[in-house]
Amino acid sequence: MPSPVKPPKLADAIAERLRAMVLEGVLRPGEKLVAERELAAKLGVSRPSLREALGLLEAKGLFVTSRSGTVVAPYLASLVDPLAEMFRDDERVTADYFEFRGAMESQAAALAARRATDVDRARIRECLTRMREAHLLADPTLEAEIDVNLHVAIYEATHNVVILHVLRALADLLRKGVFFNREAFYRRDGVREMLLDQHLKIGEAVLAGNAKAAEMAATAHIGFVAQTLDEIRRDEMRQAASLRRFAREDIVSD
């Protein structure tokens, strides 16, 4: 005789819903959830069931609960932090990073153009508006931060969870300044104007649903960033060589 079908436990159903929200990028690493009472009310469940669900997810490493509340675990930190230390200040890795970004960003932009929902497009429009405003303020720090936010919005619009989590983790490396100083990069003559134009082209192509134009714009953007960084590195090398020649008299006798 077959065993009776048991309905899933409420805690399991809650845990699955929250897990899906993490997987889809709705809940992001480091974000703090509202208080338990409020979250239970929003989900329409009891606090004991919610508490049990959070315990299940904490055991899987997706959430961290403390006296200050529950946050989405930085579940990729164990990968990103060691990579940050290993990649930092290594010219070879920087070149490889942008080669990878060039391939992935073009595909992400094309997918976003095909798959973006109205909600995705609204977020991308907001990023483009904020980018224009930051440009008028001539605030390189703010521009650099919105730069990353726009790319992440496009990753989310791909509706590919692997692209989302991998490229968002790589974007976190940029926030940490692993490959270059983003604020200093924005201060280089002509760079702010070029980056604004490039980001607008990417965003507007995605909004228009033009996958080919989005792909080409993303490829051109990453190529420009890589080339400009190479020029900056070469300028710094020439400057350092000039300073060494200037200082040689301190170590050479007449």
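Position 1 is the first residue of the sequence; numbering continues from there. Note that these values count all heavy atoms, side chains included, but never hydrogens, waters or copies made by symmetry.
- The shortest heavy-atom contact between Glu156 and Gly25 is OE2-O, 4.1 Å.
- With hydrogens and angles ignored, the 3.5 Å screen pairs a side-chain donor or acceptor of Asp120 with a backbone N or O of Thr117.
- When the side chains of ILVMFWY residues are joined at heavy-atom separations under 4.5 Å, either directly or via intervening members, Val71 and Leu62 end up in two distinct hydrophobic clusters.
- Shown here for Ala205 and Ala113, the closest heavy-atom pair between the two residues is O-CB, 4.2 Å.
- When the options Val34, Leu57, Leu54, Val64 are evaluated for a side-chain contact (heavy atoms from CB on, under 4.5 Å) with Thr70, the one that passes is Leu54.
- Remark: Lys201 NZ to Met216 CE distance equals 10.0 Å, nearest 0.5 Å.
- Remark: Ile202 CD1 to Ile154 CD1 distance equals 5.5 Å, nearest 0.5 Å.
- Linking Ile, Leu, Val, Met, Phe, Trp and Tyr whenever their side-chain heavy atoms come within less than 4.5 Å puts Leu10 and Leu43 in one cluster.
- Across Ile146 and Ala134, no two heavy atoms sit closer than the pair CD1-CB, 3.9 Å.
- Ser106 approaches Ala218 most closely through the heavy-atom pair CA-CB, 3.9 Å.
- Side-chain atoms of Ile14 and Arg17, non-hydrogen and from C-beta on, never get closer than 4.5 Å to each other.
- The environment of Glu16 atom CD is dense: over 12 non-hydrogen atoms of other residues, nucleotides or ligands sit within 6.0 angstrom.
- In this structure, the side chains of Phe224 and Leu195 come closer than 4.5 Å at one or more pairs of heavy atoms.
- A distance of 15.5 Å separates NE2 of His151 from CZ of Arg168, quoted to the nearest 0.5 Å.
- No donor-acceptor distance shorter than 3.5 angstrom exists from the side chain of His199 to the backbone of Leu128, with no hydrogens or angles considered.
- Between the Lys32 side chain and the Ser68 main chain, a donor and an acceptor come within less than 3.5 Å of each other.
- The shortest heavy-atom contact between Ala214 and Val206 is CB-CG2, 4.0 Å.
- In this structure, Leu142 and Arg130 have side chains that are in contact, with non-hydrogen atoms separated by less than 4.5 Å.
- Remark: side-chain polar atoms of Arg187 are not paired, donor with acceptor, to backbone N or O of Pro140 under 3.5 angstrom.
- At a threshold of 4.0 Å, the pair Arg123-Glu126 does not count as salt-bridged, since none of the basic side-chain nitrogens sits closer than that to a carboxylate oxygen.
- Looking at Phe63 and Val72, their side chains come closer than 4.5 Å, going by heavy atoms from C-beta outward.
- Side-chain atoms of Thr228 do not come within 3.5 Å of backbone N or O of Val225 as any donor-acceptor pair.
- Hydrophobic clustering (ILVMFWY, side-chain heavy atoms < 4.5 Å, transitive): Ile222 and Ile124 are in distinct clusters.
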Handout entry: side chain to side chain contact (heavy atoms under 4.5 Å, CB included) evaluation trace for Glu143 with Arg192
Key = CA-CA 8 Å; Glu143 283 180 293; Arg192 292 178 55 249; 2.6 Å; yes
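- With hydrogens and angles disregarded, a donor-acceptor distance shorter than 3.5 Å links the side chain of Arg115 to the backbone of Thr158.
- Side-chain contact check for Gln107 versus Asn160: every heavy-atom pair is 4.5 Å or farther apart.
- Note: Glu193 CD to Tyr186 OH = 11.0 Å, rounded to the nearest 0.5 Å.
- Nearest heavy-atom pair, Ala53 versus Ala15, reported as atom, atom and distance to 0.1 Å: CB-N, 3.7 Å.
- In this structure, CD in Glu231 is found 6.0 Å from CZ in Arg188, a value given to the nearest 0.5 Å.
- Tyr97 and Val148 fall within the same hydrophobic cluster, defined by Ile, Leu, Val, Met, Phe, Trp and Tyr side-chain heavy atoms under 4.5 Å apart, directly or through other members.
- A single hydrophobic cluster is seen to contain both Leu200 and Leu207, as judged by linkage of ILVMFWY side chains at heavy-atom distances under 4.5 Å, directly or through other members.
- Panel note: side chain Glu58, backbone Thr65; a donor-acceptor pair is recorded below 3.5 Å.
- Note that CG of Leu164 and CZ of Arg28 are 8.5 Å apart. Values are rounded to the nearest 0.5 Å.
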